[in-house]
Amino acid sequence: MRGDPWTDADPQPGDFDADLSLARSSSIETHEGNPNARLSILIRVQGGDAKRLERLAIEREQQPGEVVSQLLRSA
């Protein structure tokens, strides 16, 4: 049995067809994908977490942003 497509980590084609059928066509825009598109995420790290991140970066001889990037890629 499938989970909730709104919270499922791996939504499948057709999962939102019922929801889309309720939308007015004037509310929907279709665009081609952009393979060069980039996503930026702003992360705020404070207090003890910031100190731990700084220690990790020093141990790895990297900038904190590089450590966060690697952690996100490996998640």
- Could you give all pairs that pass the ring pair (Phe, Tyr, Trp, His ring centres under 6.0 Å) test and reach residues 49-75, with sequence neighbours left out? none
Just list the side-chain donor-acceptor pairs under 3.5 Å for residues 38-48, sequence neighbours left out, or say none.
none

Please set out all donor-acceptor pairs under 3.5 angstrom arising from side-chain atoms of residues 63-75, sequence neighbours excluded.
{"unit_1": "Glu66", "atom_1": "OE1", "unit_2": "Gln63", "atom_2": "N", "d": "2.7"}
{"unit_1": "Ser69", "atom_1": "OG", "unit_2": "Gly65", "atom_2": "O", "d": "3.0"}
{"unit_1": "Gln70", "atom_1": "OE1", "unit_2": "Arg60", "atom_2": "NH1", "d": "3.2"}
{"unit_1": "Ser74", "atom_1": "OG", "unit_2": "Gln70", "atom_2": "O", "d": "3.2"}
{"unit_1": "Ser74", "atom_1": "OG", "unit_2": "Leu71", "atom_2": "O", "d": "3.1"}

- Item | Counterpart residues, side-chain contact (heavy atoms from CB on, under 4.5 Å), relative to Asn34 (two or more places apart) | Asn36, Ala37
- Message: Run the side-chain hydrogen bond (donor to acceptor under 3.5 Å, both in side chains) test against Asp49 and tell me which residues pass, sequence neighbours left out.
- Response: Arg52
Using distance only, find each side-chain donor-acceptor pair of residues 16-33 under 3.5 Å and give its atom names and separation, not counting sequence neighbours.
{"unit_1": "Ser21", "atom_1": "OG", "unit_2": "Ala18", "atom_2": "O", "d": "2.7"}
{"unit_1": "Glu29", "atom_1": "OE1", "unit_2": "His31", "atom_2": "NE2", "d": "2.9"}

